[in-house]
Number of protein chains: 2
Amino acid sequence: MLPKFDSVFSIDCVIFGFEAGELKILLIERNEEPYKDWLALPGYIVEQDESIDDAAERILYELTGLRDMHMQQFHTFGEVNRHPQGRVITVAYYALIRINGQKELRPVTQYAKKAFWHPVSELPKLAFDHSEIFNTGFNKIRRRLHYQPIAFELLPEKFTLTQLQSLYEAVLNKKLDKRNFRKKMLSYGFLKELDEKQKGVSYRAAKLYKFDKRKYGKIFQGEMTIG
Amino acid sequence: MLPKFDSVFSIDCVIFGFEAGELKILLIERNEEPYKDWLALPGYIVEQDESIDDAAERILYELTGLRDMHMQQFHTFGEVNRHPQGRVITVAYYALIRINGQKELRPVTQYAKKAFWHPVSELPKLAFDHSEIFNTGFNKIRRRLHYQPIAFELLPEKFTLTQLQSLYEAVLNKKLDKRNFRKKMLSYGFLKELDEKQKGVSYRAAKLYKFDKRKYGKIFQGEMTIG
DNA sequence: TCAAAAGTGTTTTTTATACACCCATGC
DNA sequence: GCATGGGTGTATAAAAAACACTTTTGA
């Protein structure tokens, strides 16, 4: 039979958002020991009767009020002493979401005082090994941006090509050539040009585009190269 | 405080080898319930006082007699019912090794009757969700082969360009053009041509090459594209 | 001398890069 | 009318792909 251990699995979530040309990440202020009052990634313990994917959804909801995020695990952290109170192995997940499309952030449980967006530049020291978890996750999505259409998960449904480009530039941390970027993006054929323009700007309004998931699926089996 | 759960972490290892132009994987025959007598990936339970990376090394050693493999985790499997006797979350690791450089396979514990190499084509149904774990791992290394120098971990220290190419072909499951392959590989500059030739073949002996890790490190920060 | 694999270049096509000016709009 | 970002094309360079024959060796 299986041994009985006092071992615990947890989930930690690295949730990226994009707002005002800046890449942000979702943090909570802890309301529990250890690391009470510290900033941390949203994370908690997996129950015995839920899969880790389900646990990730639930935990994020409880700590931030956000639901139905599409999260993907990216790494498992299993050092013996990563949690001061015992053996806790944590599976880290990431998601990319539209900040504006979301209602306000409101923790449902008492474990977090609040949840809020913080720019990825100038992150403070986080609780546990969460700074390391964040870095690993950031590197993953940076890599993935090159060959998967994850950028569109961060933008509003309708976006301009300039917004798309500035997102790429923010994540990859480098400038891209405007003409080449647009040429390549449009050449893939999965962007649908809308009959609509940007509103409320004090300069020439840009065309709006939509990501066409259907077409993407037909064209690619998950491959592209940008940046 | 942390709750007490009857939860267990385990490690499963997907170990690839290359022999006779064929990609192989290391399997064990189980000597324990559940799935007694079934074929399975080498895997076992993580102790409370060891990191998951350490556990992976230990477990592989105990089940196969292989030591000092450089393993990397690639995914964590956490469905509730993946183990019939209770909640077990498993972290899957892979490694690529030289079959010929290794001594014989000899399990150190009683949990495995034997360990052996099996071609990745025509794998039988494995215990637990190990078939799924294998598939996930195989896809990972197939992806990684494109941009990381992992092929050299599978070949003997000295190898011919044809051996290298046939390894790429076996993993990617497609034919590559000989001239283009050689041109590109050599252009990277991390292959060292030796003053030595193949022996014991009944045809023109090919030059032997070595992977120059030093040069690779200098030239790349982990990037290349082949296949 | 034959079988088997080693070794070798050139052309074409595709993809990436570099680069600068006029346009439309709101204030 | 001016400030702001929107929008556009071409030329060059680099990389990838297609393609077939001669050489060496051992048996």
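Labels below follow one simple rule: chain letters A, B, ... track the order of the sequence lines, proteins then strands, and each chain is numbered from 1.
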Could you list where the contact with chain A starts and ends along DNA chain D, reading 5' to 3', using a 4.0 Å heavy-atom cut-off?
D/dT4 to D/dT10
Could you grab the distance from atom CG of A/Leu41 to atom OH of A/Tyr93, nearest 0.5 Å is fine?
15.0 Å
Summarise how protein sits on nucleotides 4-11 of chain C as a single string, 5' to 3': B when a protein heavy atom is under 4.0 Å from the base, S for sugar-phosphate-only contact, - for no contact.
BSBBBBB-
Please confirm whether the backbone N or O of A/Phe152 pairs with a side-chain atom of A/Arg98, one donor and one acceptor, at under 3.5 Å?
yes
Can A/Arg143 be said to sit on top of B/Tyr147's aromatic six-ring, NZ or CZ under 6.0 Å from centre and within 45° of the ring axis?
yes
Classify the ring geometry between B/His130 and B/Phe128 as parallel (under 30°), tilted (30 to 60°) or perpendicular (over 60°).
tilted
What's the NZ-P distance between A/Lys184 and C/dT17, to the nearest Å?
7 Å
Can you check the A/Met185 CE to C/dT15 P distance for me, whole Å?
16 Å
I need the A/Glu57 CD to A/Leu66 CG distance, nearest 0.5 Å.
10.5 Å
Pair A/Phe16 + A/Phe138: ring centers closer than 6.0 Å
yes
Angle class for the A/Phe190/A/Phe211 ring planes (parallel below 30°, perpendicular above 60°, tilted otherwise)?
perpendicular
Of all heavy-atom pairs between B/Ala95 and B/Met69, which one has the smallest distance, and what is that distance?
CB-CB, 4.5 Å
